[in-house]
**Student:** 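I'd like to ask you about the structure that follows.
Lettering of chains follows the sequences in order, A, B, ..., and the numbering in each one begins at 1.
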There are 2 protein chains.
Amino acid sequence: MVVKIDDVARVAGVSKTTVSRVLNNRGYLSEKTIKKVHDAMESLNYQPNAVARQLYKKETKLVGLIFPTVDNPFFGQLVAELEKRLFDSGFKVLIGNSMNDPAKEEMYLKELISNQVDGLIVGAQNRGIDEYHKANLPVVAIDRVMNEDIPVIASDNYMGGKLATELLINSGAKHIMNTDGPINLETPAHRRRDAYEEVMKSHNMVPHTYLVDFSWDIKKKKQAVKEMFAKYPEMDGIFVTNDMDAALVWRTATELGYKVPDDLKIVGYDGANITRVLLPELTTIEQPVEEMAKMAVSTLITRINGEDTPLEQIVPVKIWHGTSV
Amino acid sequence: MVVKIDDVARVAGVSKTTVSRVLNNRGYLSEKTIKKVHDAMESLNYQPNAVARQLYKKETKLVGLIFPTVDNPFFGQLVAELEKRLFDSGFKVLIGNSMNDPAKEEMYLKELISNQVDGLIVGAQNRGIDEYHKANLPVVAIDRVMNEDIPVIASDNYMGGKLATELLINSGAKHIMNTDGPINLETPAHRRRDAYEEVMKSHNMVPHTYLVDFSWDIKKKKQAVKEMFAKYPEMDGIFVTNDMDAALVWRTATELGYKVPDDLKIVGYDGANITRVLLPELTTIEQPVEEMAKMAVSTLITRINGEDTPLEQIVPVKIWHGTSV
DNA sequence: AAATATATGTCAACCGGTTAATATAAAATA
DNA sequence: TATTTTATATTAACCGGTTGACATATATTT
């Protein structure tokens with residue numbers, strides 16, 4: 001049988017209440033009693049049942065994370081950073097990979113609420129779901145437009161798009177493309193595109209954005225990229241909205257006989273750890289993942305404590321200079 | 001205030017017991033009652049409190065995952081696959097990134113036990129911790145030697161090492177190195193090295209294994225790799241124990257003026273999704289991550305159901321042909 | 001009409017902790 | 001010595017569900 005608080009009390013020769021006091025460090029306690037209780041807990045290898053405590057306290061010290069998938073350099077690093085910081089603040093992490101499926105996202109949301117998480121950090125790519133509002137739960141969004149009272153943490157997407165486009169222009173590219181996800185999905189990432197378009201226009205160049213949906217599988221994406229090359233053969237520069245897609249564009253370009261950066265210059269977006277190890281040659285706009293994670297966790301905790309936080313926090317990006325420009 | 005089962009009962013005009021029956025689909029129920037209850041739940045936006053249920057049922061439908069970090073192509077993919085399959089089987093996932101820190105691993109273990117997880121899947125890189133045994137909990141290990149009664153899922157490490165080494169030999173390399181983690185860490189991954197050594201010897205070649213600790217940071221790893229090149233300048237082939245390190249070796253080699261694969265042939269290990277997108281040129285031994293995840297989940301569930309499972313399950317590997325050999 | 005199957009209610013115990021109230025005794029201080 | 005502070009015990013309520021026992025009322029079948 002599993003050891004419970006009454007067993008500890010019996011072995012230590014004290015009352016259940018006293019054991020609870022030792023556990024929670026409340027009320028008057030002599031050193032002697034504390035030691036007796038600790039000895040008993042140790043000899044019985046007692047682990048308090050967090051579920052019972054959670055029920056009474058109405059606090060689980062659990063935070064839910066909802067992201068598309070951890071099988072991606074950016075989200076993997078982000079989730080790892082979030083988890084680390086949450087753990088340091090005494091929270092455990094319940095994770096949900098929505099796989100860009102709104103239905104799955106909604107299921108996760110319900111499950112997490114049912115599990116009484118103290119808060120949520122979401123970075124899923126789907127449309128804002130009413131449920132988040134109904135949830136009446138502290139929520140922080142990363143790089144996603146939610147509704148009015150959900151704070152958002154995002155990299156400086158506009159500046160990122162501006163830096164990328166200007167870099168391409170300054171390095172001599174004349175026909176510069178851009179990729180973006182579906183426009184009907186409201187995400188701050190579209191500001192990268194806004195910046196691209198404005199910079200292009202201010203240089204009297206014609207912007208062309210090509211749709212590459214985040215949720216497509218590799219094959220479909222590759223197909224789309226090939227179509228793009230066929231449709232815009234004069235392209236000599238491209239700002240791709242994330243590094244995984246940028247790698248795909250690079251490889252496809254190579255297969256089609258383009259030389260990077262001579263025939264085609266590529267700038268990506270994200271600049272995660274893994275990318276910098278596996279493909280450091282890719283010039284990209286680096287999001288400050290650590291910073292974003294730190295901010296998201298502190299914002300969430302502030303909200304959990306019932307205090308107010310800014311609704312939008314933007315963190316600066318910088319260029320990682322590879323050899324693709 | 002949060003809606004609870006009594007509120008639903010009141011609104012539906014039935015008893016608490018009946019609502020519970022509807023929720024759990026137990027006992028006699030008329031269509032009419034079921035509808036009344038569902039309507040009430042919907043209008044109140046009722047979400048049952050899983051914590052209360054967990055306490056009574058002594059079952060949480062929670063599974064804990066303990067891995068070094070999700071910020072790695074292999075573990076990221078593995079965790080994503082595990083999470084997906086567990087979710088499909090009705091389990092939510094509590095995650096812990098041990099960061100190769102035994103103390104942190106132990107803390108996670110305790111926390112997860114305290115949270116009453118129904119089972120654990122571990123792939124942390126640290127020494128077997130007694131606690132796993134004490135835990136008296138269904139546990140499945142991935143690529144890790146635990147103790148007698150903990151089932152292990154692993155790729156065919158020996159075959160992987162054999163394939164890699166033979167590939168290098170057959171492609172003409174004469175001075176072939178190998179990297180491995182600390183030998184005192186008991187992991188099935190050492191079988192890659194065993195295979196390397198045996199194949200080398202059977203070809204009358206001298207095996208040299210160089211230590212690259214998984215837990216070192218990039219800088220220290222790079223330093224170690226440079227030392228290796230300095231110490232073995234005649235090296236013309238290398239079997240690196242994971243793809244991230246292989247990428248590092250490749251880059252360092254390039255910086256030192258080696259041409260891959262002409263001067264140096266490189267074979268990695270893991271072959272995760274992300275690697276195949278960012279660095280498909282790397283020839284590597286592919287672990288069947290999906291297969292392993294599937295096996296781990298079904299083994300865990302079998303154990304949770306109190307049935308026996310094999311203690312060791314080995315899944316086959318295959319070669320991913322890039323251009324580094 | 002009697003017997004059986006179906007549908008629902010009431011009540012209370014239970015899961016394993018936390019906590020407030022109340023009581024008592026020993027130790028420290030006035 | 002009287003008073004206050006410190007230390008601990010006992011008891012019971014509580015968190016929000018689940019479940020078994022038992023009662024009762026229709027509906028259906030023989």
Side-chain angles (χ1 to χ4, degrees), chain A residues 1-41 44-62 110-118 136, chain B residues 1-41 44-62 110-118 136:
Chain A
M1 218 44 260
V2 180
V3 182
K4 49 190 76 163
I5 201 169
D6 299 275
D7 302 313
V8 176
R10 196 166 20 73
V11 170
V14 300
S15 73
K16 187 183 169 185
T17 306
T18 301
V19 177
S20 178
R21 279 191 189 135
V22 171
L23 278 170
N24 297 286
N25 206 19
R26 270 170 35 97
Y28 295 120
L29 287 169
S30 68
E31 284 306 320
K32 213 181 68 197
T33 305
I34 293 176
K35 188 174 182 319
K36 272 196 301 185
V37 172
H38 277 142
D39 288 350
M41 293 197 293
L44 292 171
N45 194 28
Y46 171 71
Q47 296 294 343
N49 183 327
V51 173
R53 174 190 279 127
Q54 287 163 3
L55 180 57
Y56 185 87
K57 293 260 202 137
K58 298 182 166 190
E59 182 192 72
T60 53
K61 286 293 177 182
L62 249 33
K110 283 192 175 164
E111 296 273 13
L112 294 177
I113 291 171
S114 176
N115 271 280
Q116 313 295 116
V117 293
D118 292 339
N136 198 33
Chain B
M1 219 42 260
V2 179
V3 182
K4 50 191 76 165
I5 201 169
D6 297 275
D7 302 313
V8 176
R10 195 166 19 75
V11 170
V14 301
S15 74
K16 185 183 168 184
T17 305
T18 300
V19 177
S20 178
R21 279 188 187 136
V22 171
L23 278 171
N24 297 284
N25 206 19
R26 270 168 34 97
Y28 297 119
L29 288 168
S30 69
E31 285 306 320
K32 211 181 68 196
T33 305
I34 293 176
K35 189 173 182 319
K36 271 196 302 185
V37 172
H38 277 144
D39 288 352
M41 292 197 294
L44 292 171
N45 194 28
Y46 171 70
Q47 296 296 339
N49 183 327
V51 172
R53 176 190 278 127
Q54 287 163 4
L55 181 57
Y56 184 86
K57 292 259 202 144
K58 297 180 166 190
E59 184 193 69
T60 53
K61 286 291 179 184
L62 248 33
K110 284 192 174 164
E111 297 273 13
L112 294 176
I113 291 171
S114 176
N115 271 279
Q116 311 298 113
V117 293
D118 292 340
N136 199 33

**Student:** Whole angstroms only, please: what is the CG-P distance between Leu55(A) and dT18(C)?
**Tutor:**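 Going from CG in Leu55(A) over to P in dT18(C) covers 12 Å.
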**Student:** Under 3.5 Å, is there any donor-acceptor pair linking the side chain of Ser20(A) to the base of dT19(C)?
**Tutor:**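 Flag unset: no donor-acceptor pair detected.
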**Student:** Give one of base, sugar-phosphate or nothing for Val51(A), where a contact means two heavy atoms less than 4.0 Å apart.
**Tutor:**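 If one applies the 4.0 Å heavy-atom cut-off, Val51(A) turns out to touch nothing in the nucleic acid.
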**Student:** What is the separation between atom CZ on Arg10(A) and atom P on dG17(C), rounded to the nearest whole Å?
**Tutor:**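 Answer to the nearest Å: 13 Å.
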**Student:** Pick the nucleotide of DNA chain D nearest each of Ser30(A) and Thr17(A); which residue has the one closer to the 5' end?
**Tutor:**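 Mapping each residue to its closest nucleotide by heavy atoms, the 5'-most match is Ser30(A).
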**Student:** Look at all strands and tell whether Lys16(B) reaches a base, only sugar-phosphate, or nothing, counting heavy atoms closer than 4.0 Å.
**Tutor:**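 If one applies the 4.0 Å heavy-atom cut-off, Lys16(B) turns out to touch a base.
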**Student:** Measure CD/Glu59(A) against P/dC14(D) and give the value in whole Å, please.
**Tutor:**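 Taking CD of Glu59(A) and P of dC14(D), I get 21 Å after rounding.
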**Student:** Please determine whether side chain to side chain contact (heavy atoms under 4.5 Å, CB included) holds for the pair Lys35(B) and Asp39(B), giving the CA-CA distance in whole Å, both sets of side-chain angles, and the decisive distance to 0.1 Å.
**Tutor:** CA-CA 6 Å; Lys35(B) 189 173 182 319; Asp39(B) 288 352; 2.7 Å; yes
**Student:** Between dT6(C), dA20(C), dT18(C), which one does the side chain of Asn24(A) approach most closely?
**Tutor:**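 Within the option list, the nearest is dT18(C).
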**Student:** Can you tell which of dG17(C), dG9(C), dG16(D) lies closest to the side chain of Ala52(B)?
**Tutor:**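 Shortest atom-to-atom distance from the side chain points to dG16(D).
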**Student:** Check the distance between dG17(C)'s C1' and Lys61(A)'s NZ and give it to me in whole angstrom.
**Tutor:**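 The answer, rounded to whole Å, is 17 Å.
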**Student:** With a 4.0 Å cutoff (strictly under), does any side-chain N or O of Asn49(A) reach OP1 or OP2 of dG17(C)?
**Tutor:**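 No, outside the criterion.
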**Student:** Would you say Lys57(B) reaches dT19(D)'s phosphate, i.e. side-chain N/O to OP1/OP2 under 4.0 Å?
**Tutor:**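 Looking at the OP1 and OP2 atoms of dT19(D), one of them is under 4.0 Å from a side-chain N or O of Lys57(B).
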**Student:** For the residue pair Thr17(A) and Ser20(A), confirm or rule out a side-chain donor-acceptor distance under 3.5 Å.
**Tutor:**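 No, because no side-chain N or O of Thr17(A) sits under 3.5 Å from a partner of the opposite role on Ser20(A).
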**Student:** Please report the distance, rounded to the nearest Å, between CD1 in Ile34(B) and P in dA7(C).
**Tutor:**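 Nearest whole value for this atom pair: 9 Å.
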**Student:** For a quick test of reading the model: is some side-chain N or O of Arg26(A) closer than 4.0 Å to OP1 or OP2 of dT18(C)?
**Tutor:**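 Indeed not, no polar side-chain atom of Arg26(A) lies that close.
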**Student:** OP1, OP2 of dC15(C) versus side-chain N and O of Lys58(B): anything below 4.0 Å?
**Tutor:**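 Indeed not, no polar side-chain atom of Lys58(B) lies that close.
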**Student:** Expressed in angstrom and rounded to an integer, what is the separation of Lys32(A) atom NZ from dA25(C) atom P?
**Tutor:**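 Roughly 16 Å, once rounded to whole Å.
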**Student:** So which heavy atom on Val14(A) is nearest to which on Lys36(A), and how close?
**Tutor:**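 Smallest interatomic distance, heavy atoms only, reads CG1-NZ, 3.9 Å.
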**Student:** Rounded to whole Å, how long is the line connecting atom CG of Asn25(B) with atom P of dA7(C)?
**Tutor:**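 After rounding, the reported distance stands at 12 Å.
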**Student:** Tell me whether the side-chain N/O atoms of Tyr28(A) come closer than 4.0 Å to OP1 or OP2 in dT6(D).
**Tutor:**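 Answer yes for this pair, as a side-chain N or O of Tyr28(A) is under 4.0 Å from OP1 or OP2.
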**Student:** Determine, for Asp7(B) against Arg10(B), whether the closest basic-nitrogen to carboxylate-oxygen distance falls under 4.0 angstrom.
**Tutor:**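 Salt bridge: yes.
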**Student:** If you check every side-chain atom of Thr18(A), which of dG9(C), dA9(D), dG17(C) has the closest atom?
**Tutor:**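 When the side chain of Thr18(A) is considered, dA9(D) is the closest of dG9(C), dA9(D), dG17(C).
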**Student:** For Tyr46(B) and dG17(D), is the shortest distance between a side-chain N/O and OP1 or OP2 below 4.0 Å?
**Tutor:**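 Yes, such a contact exists.
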**Student:** Considering all heavy atoms of both residues, which atom of Ala12(A) and which atom of Val37(A) are nearest to each other, and what is their separation?
**Tutor:**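 Nearest heavy atoms, Ala12(A) then Val37(A): CB-CA, 4.0 Å.
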**Student:** Give a yes/no on whether any side-chain N or O of Arg21(A) is located under 4.0 angstrom from OP1 or OP2 of dT18(C).
**Tutor:**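 The answer is no; no side-chain N or O of Arg21(A) sits under 4.0 Å from OP1 or OP2.
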**Student:** Roughly how many Å is it from CZ in Arg53(B) to P in dC15(D), rounded to a whole number?
**Tutor:**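 To the nearest whole Å, that distance equals 19 Å.
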**Student:** Kindly compute the distance separating CD (Gln54(A)) from CG (Asn115(A)), expressed to the nearest 0.5 Å.
**Tutor:**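 Taking CD in Gln54(A) and CG in Asn115(A), the distance rounds to 8.5 Å.
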**Student:** Among dG16(C), dG9(C), dA9(D), which is the nearest nucleotide to the side chain of Ser15(B)?
**Tutor:**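 Shortest atom-to-atom distance from the side chain points to dG9(C).
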